[in-house]
Amino acid sequence: MASRAGTVALPQDLVDITALLDAYFDVAPDLEDPAQRVAFGTSGHRGSSLKASFNEPHILAITQAIVEYRGRQGITGPLFIGRDTHALSEPAQNSALEVLAANGVNVLVDARHGYTPTPALSHAILKYNQQAGPGQPQADGIVVTPSHNPPGDGGFKYNPPHGGPADTDATGWIANRANELLENELRGVKRIPLNDALAAETTGKFDFLSSYVDDLPSVLDLDAIRKAGVRIGADPMGGASVDYWGEIGERHQLDLTVVNPTVDPQWAFMTLDWDEKIRMDCSSPSAMASLIQRMSAGSATAAGSAFDIATGNDADADRHGIVTPFVDGQGGLMNPNHYLAVAIDYLYRNRTGWNPESVIGKTLVSSSIIDRVAAGLGRKLVEVPVGFKWFVPGLLSGEGAFGGEESAGASFNKRDGSVWTTDKDGILLALLASEITAVTGKSPSQLYKGLTDQFGDPVYARIDAAATREQKAKLGKLSAEDVSATELAGETITAKLTEAPGNGASIGGLKVVTENAWFAARPSGTEDVYKIYAESFKGADHLAKVQEEAKALVDGVIS
């Protein structure tokens, strides 16, 4: 059968919302099953109520654990809480509010009873703490979101006072304590009815949207976008940015159209991802097929008019997708690595208020064209493990004014060099594409072609390889000495890394580098596979050879 990837979802693809919500309240996790215990990945605890991995007991236990963690850390300021548009997000936020209010925590919820993008919550935490000043009670936050995951999933993540994702020390403690509470049948969890929680003196409101949207001129040159008349098409993809884009266009007088303002917990309007699942991945050509088609149509009619820049965001708006017009063979949905390279080159040439010594941050599985761009800029590159938390210190201090991941997540500092967000900001990166177009007169796709003419044209891909739980554990604990190979795809190996060169932190896997290629292998946290990221500056055939030899090399080491 032909793949349905890129085609609009059919009724059989849609999750049963009633069953999903019933399971949230009615299903209790089996703690003998590791998949049903609390576990924090790089973006919090995720799961589905239908799989007994994201249910009311989980959220009650996690929230109580966060309350106790705050107490241990002396965090006494308000806790900002927001949610995205997933069906499980509202009941999970309500469960959290019942626990937070019972514990006397000062909580701030959205004043508009709407949805809160992850970057808006990070921005709110940082703004509050800056205004409070040193030595004063500090704020933190919770975002209820599974990001781009399918409609049947839920997610719950904690951001401490630095505004970014919690580190493993924090999440490890919270997860362990939550599982203890679950094992004790939630004894130790304080809770009051929702109506009492909402009416509690400790529960207040905060206008996340105005705080974020009104502050955008401090981080972007919106005047340039407005004066150039850049025509923007913004697709919230049914996510938390839905009300933000309209307000951005109106408040800043931009030529901006919200392409699809629909919010549907089933995401019935979505085109299917590569595996025929509904997934709000704005870096996926299949999930973004509707917006790509609209840009390629080029019609002058209202229904199909082309934009100078079209953008998409995932459900919590921490990721960005950039679609450019098709001109001279360039255009369409940009590969996230390509856009990161363009953004870095533009920002470090045009942000005169940034620290002239500020470094460029990237994850070790991001494209090496970023390395070459950094060298061309005369800037130091800091390569860190996967996870946005590694960029937090640099963004806070201004010493690392940009941090980006290959999975379409990035943020950067304000025009004066001070911190904007310490979590990924898909709205920011989407708007930057319009600033780049306004200032340079070229689309980001055209600018990327210029970079490849200068630095080479890499080919990048990710594949999965089967591995048992034991093999994955072994891969995660490798040392460079475990790898005896000296060549990869005909080139001499120049580096074997199990620690990130930028900060010495474990990468939880292996990266092997040659002059014109590299691969990185990391175990999956949810499936019996390991991921092979690979890139070559010598073309697709060489990349295939790199992938083939990478799999053989890794299998030989972990077998």
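Along the sequence shown, the residues carry numbers beginning at 1. Note that the coordinates shown come from a computational prediction; the quantities given were computed from them, not determined experimentally.
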Checklist entry - Roughly how far, to the nearest 0.5 Å, is the CG atom of Leu431 from the CD1 atom of Ile225? => result 5.5 Å
Checklist outcome for this item: In terms of heavy-atom contacts, Phe455 and Gly376 come closest through CZ-CA, 4.3 Å
Item to check | Close side-chain approach of Trp267 and His86, heavy atoms under 4.5 Å | outcome: yes
Checklist entry - How about Glu247: does its CD atom have over 12 heavy atoms from other parts shown lying under 6.0 Å from it? => result yes
Next on the checklist: Show the nearest heavy-atom pair for residues Val439 and Ala224, with the distance to one decimal.
Outcome noted: CG2-CB, 4.0 Å
Item to check | Donor + acceptor pair across side chains of Arg231, Thr257 (<3.5 Å) | outcome: no
Checklist entry - Where the side chain of Arg522 meets the backbone of Lys511, is there a donor-acceptor pair that is under 3.5 Å apart? => result no
Item to check | N/O donor-acceptor pair under 3.5 Å between Asp84 side chain and Thr145 backbone | outcome: no
Checklist entry - Is the count of non-hydrogen atoms from other residues, nucleotides or ligands lying under 6.0 Å from Asp541 atom CG greater than 12? => result no
Checklist entry - Do Pro119 and Lys424 have side chains that get closer than 4.5 Å, going by heavy atoms? => result no
Checklist entry - Going through the checks in order, is the side chain to side chain contact (heavy atoms under 4.5 Å, CB included) test met by Phe388 and Asp318? => result CA-CA 11 Å; Phe388 202 80; Asp318 70 344; over 6 Å; no
Item to check | Donor-acceptor pair, side chain of Arg415 and main chain of Pro217, under 3.5 angstrom | outcome: yes
Checklist entry - Nearest heavy-atom pair of Val459 and Ala540: which atoms, and what distance? => result CG2-N, 4.0 Å
Next on the checklist: Tell me whether the count of non-hydrogen atoms from other residues, nucleotides or ligands lying under 6.0 Å of CD in Glu357 goes above 12.
Outcome noted: no
Next on the checklist: With a 4.5 Å cut-off on side-chain heavy atoms, are Ile507 and Val386 touching?
Outcome noted: no
Next on the checklist: Between Tyr244 and Ala120 (side chain of the first, backbone of the second, donor and acceptor by atom type, cut-off under 3.5 Å), is there such a pair?
Outcome noted: no
Item to check | Backbone of Gly426 reached by a side-chain donor or acceptor of Asn313 within 3.5 Å | outcome: yes
Checklist entry - Atom CD in Glu250, atom CG in Leu256: separation rounded to 0.5 Å? => result 11.0 Å
Next on the checklist: With a 4.5 Å cut-off on side-chain heavy atoms, are Val323 and Asp235 touching?
Outcome noted: no
Checklist entry - At their closest point, which heavy atom of Pro501 faces which heavy atom of Leu497, and how far apart are they? => result CD-CD1, 4.1 Å
Item to check | Arg351 to Phe402, cation-pi by 6.0 Å centre distance and 45° axis angle | outcome: no
Checklist entry - Heavy-atom distance under 4.5 Å between the side chains of Ser445 and Met334, does that happen here? => result yes
Next on the checklist: Do the side chains of Asp13 and Arg4 get close enough for a salt bridge, i.e. N-O under 4.0 angstrom?
Outcome noted: yes
Checklist entry - What distance do Arg372 atom CZ and Gln454 atom CD have between them, rounded to the nearest 0.5 Å? => result 11.0 Å
Checklist entry - Can we say Arg46 and Asp153 salt-bridge, meaning some charged N sits less than 4.0 Å from an Asp/Glu carboxylate O? => result no
Checklist entry - So, Glu435 and Tyr346: side-chain donor and acceptor under 3.5 Å apart, yes or no? => result yes
Item to check | Ring centres under 6.0 angstrom apart (Trp420, Tyr212) | outcome: yes
Checklist outcome for this item: For Leu209 and Asp243 the tightest heavy-atom approach is CD1-O, 3.8 Å
Checklist entry - Testing Glu491, Glu535, His542 for side chain to side chain donor-acceptor pair (under 3.5 Å) with Asn516, which one passes? => result Glu491
Item to check | Side-chain ion pair, Lys157 and Asp316, N-O less than 4.0 Å | outcome: yes
Item to check | Between Arg251 and Ser210, a side-chain donor and acceptor under 3.5 Å | outcome: yes
Item to check | Atom pair CG (Asp110) and OH (Tyr115), whose distance is rounded to the nearest 0.5 Å | outcome: 10.5 Å
Next on the checklist: Testing Asn149, Thr271, Leu14 one by one against Ile278 for a side-chain contact (heavy atoms from CB on, under 4.5 Å), which residue passes?
Outcome noted: Leu14
Next on the checklist: Testing the 3.5 Å rule here: is there a donor-acceptor pair between the side chains of Gln330 and Thr324?
Outcome noted: no
Checklist entry - Would you say the side-chain atoms of Ser122 pair up with the backbone N or O of Thr422, donor to acceptor, closer than 3.5 Å? => result yes
Checklist entry - Can you find a heavy atom in the side chain of Val259 that is under 4.5 Å from one in the side chain of Phe307? => result yes
Checklist entry - Got a second to check how far Ser211's OG is from Leu126's CG, nearest 0.5 Å? => result 10.5 Å
Next on the checklist: Nearest 0.5 angstrom please: Met280 CE to Arg319 CZ, how far?
Outcome noted: 11.0 Å
Next on the checklist: Test side chain to side chain contact (heavy atoms under 4.5 Å, CB included) on Phe412 and Asp425; report intermediate values, then the result.
Outcome noted: CA-CA 9 Å; Phe412 54 87; Asp425 192 340; over 6 Å; no
Checklist entry - If you measure from the Lys or Arg side-chain nitrogens to the Asp or Glu carboxylate oxygens, is any gap between Arg349 and Asp345 under 4.0 Å? => result yes
Checklist entry - Tell me, do Pro150 and Val15 make a side-chain contact under 4.5 Å, heavy atoms counted? => result no
Item to check | Asp308 and Thr437 side chains, donor-acceptor separation under 3.5 Å | outcome: no
Checklist entry - Under 3.5 Å, is there a donor-acceptor pair linking the side chains of Arg462 and Ser407? => result no
Checklist entry - Should Phe391 and Val382 count as side-chain neighbours, where that means a heavy-atom distance under 4.5 Å? => result no
Checklist entry - So, Asp423 versus Thr421: side-chain donor-acceptor pair below 3.5 Å or not? => result no
Next on the checklist: Tell me whether Lys442 contacts the main-chain N or O of Gln446 through its side chain, where contact means a donor paired with an acceptor under 3.5 Å.
Outcome noted: no
Next on the checklist: Does atom NZ (Lys127) have a neighbourhood of more than 12 heavy atoms from anything else shown, all under 6.0 Å?
Outcome noted: yes
Checklist entry - Considering all heavy atoms of both residues, which atom of Ser48 and which atom of Gly152 are nearest to each other, and what is their separation? => result OG-O, 2.8 Å
Next on the checklist: Test your reading of the model: is there a side-chain donor-acceptor pair from Lys362 to the backbone of Ser367, 3.5 Å cut-off?
Outcome noted: yes
Checklist entry - Do Ile532 and Val554 pass the side chain to side chain contact (heavy atoms under 4.5 Å, CB included) test, and can you show the C-alpha distance, the side-chain angles, and the key distance before you say yes or no? => result CA-CA 9 Å; Ile532 300 176; Val554 174; 5.6 Å; no
Item to check | Step-by-step side chain to side chain contact (heavy atoms under 4.5 Å, CB included) determination, Asp207 to Arg112 | outcome: CA-CA 7 Å; Asp207 189 349; Arg112 299 163 184 260; 2.9 Å; yes
Checklist entry - Taking Arg226 for the side chain and His252 for the main chain, is one N or O donor matched with an acceptor at less than 3.5 Å? => result yes
Item to check | Distance-only side-chain donor-acceptor flag, Tyr530 / Asp555, under 3.5 Å | outcome: yes
Checklist entry - Do Ser418 side-chain atoms and Lys414 backbone N/O form a donor-acceptor pair below 3.5 Å? => result no
